[in-house]
Protein chains: 2
Amino acid sequence: EQPIVSGVAHDRSEGKITVYGVPDVPGKAAEVFNVIASANVNIDMIVQNVPRVETGRSDISFTLPITEGKQATEALRAAQDEIGFEDILLNPHIGKLSLVGGGMRSNPGVSARFFDALHQAGVNIDMISTSEIRISIITREDMLDTAVRAVHQAFNLDADEEATVYG
Amino acid sequence: EQPIVSGVAHDRSEGKITVYGVPDVPGKAAEVFNVIASANVNIDMIVQNVPRVETGRSDISFTLPITEGKQATEALRAAQDEIGFEDILLNPHIGKLSLVGGGMRSNPGVSARFFDALHQAGVNIDMISTSEIRISIITREDMLDTAVRAVHQAFNLDADEEATVYG
Ligand SMILES: C[C@@H](O)[C@H](N)C(=O)O
Ligand SMILES: C[C@@H](O)[C@H](N)C(=O)O
């Protein structure tokens, strides 16, 4: 299947929360997101990688509107003993960039080109989350414009066109 | 925006590779996925969470067809010194489950309900990756059917309908 890269979307309106050291047992992700739901906080991207072998704990990160960062962090802090996580950190200075398209799953060359472009531009990648129709990364807010330009160039995209983002 | 949950997709044809302890400097994700692209391996979901504060290193996980697991692992092992990662692990016994819909970003109640359903069914969540149109998790392969039934029930979905998955 030929990949179709339709554009680049970027967002600097978000912050990131990382809940460190969540016990890797059923129900813990549920506890975290129940606290979030009860606080009426809107969440965008959730990322959890595999647990640390040495600790049996996982980190759960998510992005959200910067304006809701404090509220979400305080709600989770209040539930820290109950959930049993080790720490929580809020970083308001992030930028999110997504390469949007289709059929990207069967095209490792697309992600390689995307990550190469960011490397060449000196952009450090903090988080990665992908689907068949988009590759999303989180980087520092002050590197976002550099990253967007680099990816536009690498894929010969018109820098004035912003991708309509659905995924 | 009202969330629309259209269905559940599941996949047991994949394995998971985790590259542990990747140095958190620009270009490392590029190196990993260049090795993968050169090996002609197809990748589905990529997940990278924030670096470990103590080590300054990140773990990068991705899913791929089980049939390509060995090839991908060996290609990365051969590049271990160059990339500088600490370890690599292949787990062929995973199941992927996705809740598919729309407008899920502004609905923390949807993810809470999803994670609650998995908790009630005793399903442990190994990885999480979400977008506006889907919430995907990785669990053990032998828990996948249990997980699918639980999520169908929680969202009153017809267990015979499989979501058409685009995201
Ligand atoms: C860490 C967290 O995802 C846990 N494994 C759970 O299932 O809730
Ligand atoms: C860990 C890896 O993603 C690294 N931060 C990079 O930018 O390539």
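- Nearest heavy atoms, Phe33(B) versus Ala112(A): O-CB, 3.8 Å.
- Note: the hydrophobic cluster containing Val50(A) does not contain Leu144(B) (ILVMFWY, side chain heavy atoms under 4.5 Å, direct or indirect links).
- With a 4.5 Å cut-off on side-chain heavy atoms, Val47(A) and Ile128(B) do not count as touching.
- Within 6.0 Å of CZ on Arg140(A) lie no more than 12 heavy atoms contributed by other residues, nucleotides or ligands.
- No single ILVMFWY cluster, assembled from side-chain heavy atoms under 4.5 Å apart, contains both Met127(B) and Ile88(B).
- A chain of hydrophobic side-chain contacts below 4.5 Å, direct or via other Ile, Leu, Val, Met, Phe, Trp or Tyr residues, connects Phe155(A) to Val148(A).
- Interface remark: Val123(B) contributes backbone atoms only to the contact with chain A (heavy atom separation under 4.5 Å).
- Contact count against chain A (heavy-atom pairs under 4.5 Å) is highest for Asp44(B) among Asp44(B), Asp87(B), Ile138(B), Val53(B).
- Of all the listed residues (Asp24(A), Val25(A), Thr18(A), Val41(A)), the one sharing the greatest number of non-hydrogen pairs under 4.5 Å with chain B is Asp24(A).
- Cluster annotation: Leu90(A) is connected to Leu76(A) through the hydrophobic network of ILVMFWY side chains, with a link wherever side-chain heavy atoms come within less than 4.5 Å.
- Between the side chains of Ser129(A) and Ser129(B), at least one donor N or O sits under 3.5 Å from an acceptor N or O.
- Contacts of Lys28(B) with chain A are absent, with no heavy-atom separation under 4.5 Å from either backbone or side chain.
- Contact annotation for Tyr20(B): only side-chain heavy atoms (C-beta onward) come within less than 4.5 Å of a heavy atom of chain A.
- Side-chain atoms of Met45(B) and Glu132(A), non-hydrogen and from C-beta on, never get closer than 4.5 Å to each other.
- Gln48(B) contributes a side-chain N or O that, together with a main-chain N or O of Ile125(A), makes up a donor-acceptor pair within less than 3.5 Å.
- By the 4.5 Å heavy-atom criterion applied to side chains, Ile133(B) and Ser131(A) are not counted as neighbours.
- At least one donor-acceptor pair closer than 3.5 Å links the side chain of Asn49(A) to the backbone N or O of Asp59(B).
- Counting heavy-atom neighbours within 6.0 Å of Asp81(A) CG, excluding the residue itself, gives a total of 12 or less.
- With a 4.5 Å cut-off on side-chain heavy atoms, Asn34(B) and Asp116(A) count as touching.
- Of the possible donor and acceptor atoms, one in the side chain of Thr130(B) sits under 3.5 Å from a partner among the backbone N and O of Ile46(A).
- Neither the backbone nor the side chain of Arg113(B) comes within contact range of chain A, judged by heavy atoms closer than 4.5 Å.
- Looking at heavy atoms from C-beta onward, Leu118(A) lies out of side-chain contact with Pro26(B) at the 4.5 angstrom threshold.
- Linking Ile, Leu, Val, Met, Phe, Trp and Tyr whenever their side-chain heavy atoms come within less than 4.5 Å leaves Phe62(A) and Ile94(A) in two separate clusters.
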